[in-house]
Each structure stands twice: as C-alpha cells, then as structure tokens.
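FYI, side chains are in, hydrogens and waters are out, and symmetry mates aren't considered; it's all heavy atoms of this structure. Indexing begins at 1, ligand by ligand and atom by atom, following the structure's order.
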Amino acid sequence: MRIDLHTHSRASDGTEPPGGLVRSAAAAGIDVLALTDHDTADGWAEAEAAAREVGLELVRGMEISTRHQGRGVHLLAYLPDPTYPPLVEQLDRVLSGRRARVPEMLDRLRALGVDVSEDDVRRAADGTAATGRPHVADALVALGAVRDRSEAFDRYLGAGRPAYVDRYAAPLLDTIRFVAEAGGVTVVAHPWGRSQREWPGEPELAELKAAGLTGIEVDHEDHTPASRRRLRALARELDLVVTGSSDHHGAGKVDHELGCNTTEPEEYARLLEAAAAAAAASGRDAPAVVRP
Ligand code: AMP
Ligand code: FE
Ligand code: FE
Ligand code: ZN
C-alpha cells in the first residue's frame, strides 16, 4: 500500500490538471492519493472522475493557509464539507488576500527593473482561484527573468526577499474547529519545514490537539532525519496521527516526486476513523473517500 496524502494540482500551484495528477499517481504505483490544493476544493470533481476511471483511492482535501502566534501554518484538511459557511468564509478571505497582493508584488518587481504584468500572472495562474507566488514565479520564467520557480523565490519572492508581500491567513485554532464542524479532520503540514527552530513545539502541538487537531505530517522532504525522529516522538506522546507525503507540485517543485514519502496504512486507518467520527458528529454532508 503506497499512500501519499498531500499533493497539488493546477487548481492551485501544481502544474498538472487534477485528472492528470490522479493518472500520474496511478502510473507511479500510488494506491491512495489525497488532493490538497491550497485553499480550494476546485479540483475535487475532476480528480474524483479520474480516480474512478483509473481505480485509485482518493481522499479529497485542501491545504489551508493559517496563522498562529504570528507565524504561518499550513493546515491539511481532509474530507470536510466544502460548503460549510464558516469554512467558506475563511477560504474566501484567504483567496481574496491572494488576489490583492499580486499588484503589490508586481509594483515591487517593477521597482527592481522586472516588468511583469497582471495579465502575465493571470496567464500563468490559468484560472486558479488560489493565485500564489509560484504563479508570479512562472510568469518570471516565461519572461526569461529567471530559470525556474526556485530562482524566482531565492531572488525575489521568498520571505525576506525584495518582492515578498504577506497576505491574509486564517486563524489556526478557529480553522481546526471549522473543519471539524464541517465533518473533516486536520493535520499540520510540514510543521518544521521552513525552520529548524522546532516550532510548533510540544506546548503548541498540545494546544492544537486540544483544539481538535488529528495529526502531524512527519515524513516530508523538507524535514531532516532528526526533525522526523523528534516529531514522531511528539506525535506518540500527544497521541497524534503521523502522516507522510510528497507535497508534489508536478514540475513546480523539484525532489517532491509522487510517493517520495508515504503514510503507514495503520496511521491512514486512524485518520479515516477520526474523519468518520467527525462526519457523524457534524451532521454535515461530508465527502466520503472515493474507493475503486
Ligand atoms: P503562497 O502560498 O502564494 O505564499 O506561495 C507559497 C507556495 O510557494 C508554497 O506552497 C510552495 O508550494 C511554493 N514555494 C515556496 N518556496 C518555493 C521554492 N523555493 N520553489 C518552488 N516553490 C516554492
Ligand atoms: Fe504550494
Ligand atoms: Fe505547504
Ligand atoms: Zn503543499
């Protein structure tokens, strides 16, 4: 059983359409795939159709941009009713924040002598609701200003770089609760991915667990072996489910090939058990896992 619980399609900043991603996963020998685009469920229907076609088990999810104690946290939400109004309201705020910052990033790029238009970004974003820095990066690549997304982040778009602009992110504790009320479960994505400072640490993870968090993503390309060991121990201590994933973005991110990290079947079973309990308690029409 190869279980990959975190991937992106063109519905956000991946480079494959949702159906193409599902077919790539089946071809790569993945048995269970979660589609977790940033802040949107827009890819779900196409992914579901493809999953039924190729006989792959599909978990519908999303990766929500949240904030806690002033820091960004990516929250994976699996199987929530995407029409639950408080969740919709938060996602709408994040999505409009994503759109609003584009002109500001382009102003900064222009001041640096790089002329990218909103149309260039729109073309790169190709209809996604979740316009992100990777689409600005793609526009820069198309103009020949940089070689690839990595160079665009390193030179211009990464945190602390000159064209970086922050955006709205949903309050983490509220979002954990809204997803539960929508009949879904939450897992913190790559908790120590961008910092070696081991935040969120034990007190924060205990607080998130008390707020309803189900798990943490431990096996992720951005975690060192030492971080994985430490996070696994914390998960055991706090009774959190341990997941693993590729965080695949198609050609948009190197070293994140489908299935490069996976989730243990027992941990996946625990996640689904928690989701079933949340769905039953919510009284909402939460989506089921798509089974071949
Ligand atoms: P945003 O959500 O618009 O702030 O952009 C963040 C996204 O950019 C993350 O979800 C990553 O997928 C992507 N990203 C961050 N750093 C890099 C990088 N160095 N190369 C490619 N993609 C990146
Ligand atoms: Fe991304
Ligand atoms: Fe992420
Ligand atoms: Zn991701």
Side-chain angles (χ1 to χ4, degrees), residues 4-16 18 21 34-40 42-43 61-68 71-78 91 93-106 108-109 116 121-122 124-126 128-141 146-161 163-170 172 175 186-195 200 215-223 243-258 261:
D4 189 341
L5 292 184
H6 176 176
T7 64
H8 298 267
S9 76
R10 287 201 69 94
S12 64
D13 59 1
T15 59
E16 295 151 297
L21 169 70
L35 174 67
T36 53
D37 275 306
H38 296 287
D39 309 310
T40 181
D42 284 352
M62 56 183 85
E63 182 178 17
I64 306 177
S65 308
T66 77
R67 202 181 305 280
H68 189 56
R71 300 191 223 208
V73 174
H74 284 183
L75 185 70
L76 293 162
Y78 297 106
L91 294 175
R93 286 185 71 175
V94 174
L95 294 174
S96 32
R98 285 179 166 282
R99 284 189 294 275
R101 80 174 157 164
V102 172
E104 213 179 315
M105 283 194 279
L106 301 188
R108 289 179 186 231
L109 284 168
V116 186
V121 176
R122 208 167 295 128
D126 191 30
T128 175
T131 312
R133 285 178 285 161
H135 303 113
V136 177
D138 289 348
L140 289 167
V141 174
V146 293
R147 269 188 325 272
D148 53 23
R149 283 186 181 182
S150 286
E151 190 185 343
F153 274 85
D154 290 348
R155 283 178 63 183
Y156 301 115
L157 303 171
R161 303 307 299 151
Y164 174 77
V165 178
D166 199 8
R167 58 161 159 72
Y168 177 80
L172 175 59
T175 308
T186 48
V187 170
V188 175
H190 45 69
W192 295 350
R194 276 170 296 177
S195 82
I216 55 176
E217 190 177 58
V218 171
D219 289 305
H220 185 283
E221 224 30 47
D222 296 353
H223 287 154
T243 69
S245 79
S246 62
D247 199 359
H248 183 68
H249 283 66
K253 229 177 189 179
V254 291
D255 298 331
H256 289 258
E257 291 319 310
L258 285 162
N261 294 286

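Only side-chain heavy atoms of Asp13 come within less than 4.0 Å of ligand 1; its backbone N, CA, C and O stay farther off.
Salt-bridge check for Asp39 with Arg167: failed, with every basic side-chain N at 4.0 Å or more from each acidic carboxylate O.
Listed by number with element, the atoms of ligand 1 under 4.0 angstrom from any heavy atom of Gly252 are 21 (C). With ligand atoms numbered from 1 in the order given, ligand 1 contributes 10 (O) to contacts under 4.0 Å with heavy atoms of His38. Distances below 4.0 Å separate heavy atoms of His249 from the following atoms of ligand 1: 12 (O).
Per residue Asp13, closest N, O or S atom to the Fe ion (ligand 2): atom name OD2.
Residues passing the ring pair (Phe, Tyr, Trp, His ring centres under 6.0 Å) test with His256 are His220, sequence neighbours excluded.
Considering only non-hydrogen atoms, atom 1 (P) of ligand 1 lies nearest to Arg101 out of His256, Glu63, Arg101. Considering Arg98, His8, Arg149, Lys253 only, the shortest heavy-atom separation from atom 2 (O) of ligand 1 involves Arg98.
With rounding to the nearest 0.5 angstrom, the CG atom of Asp219 is 11.5 Å from the CG atom of Asp4.
Closest to atom 6 (C) of ligand 1, if we only count protein heavy atoms, is Arg133 NH2, 3.5 Å.
Note on the Fe ion (ligand 3): protein N, O or S atoms under 2.8 Å away count 3, no waters included.
Checking each of Arg149, Arg101, Met105 against Val136 for a side-chain contact (heavy atoms from CB on, under 4.5 Å) leaves exactly one that passes, namely Met105.
His223 and Glu217 share no side-chain donor-acceptor pair at under 3.5 Å.
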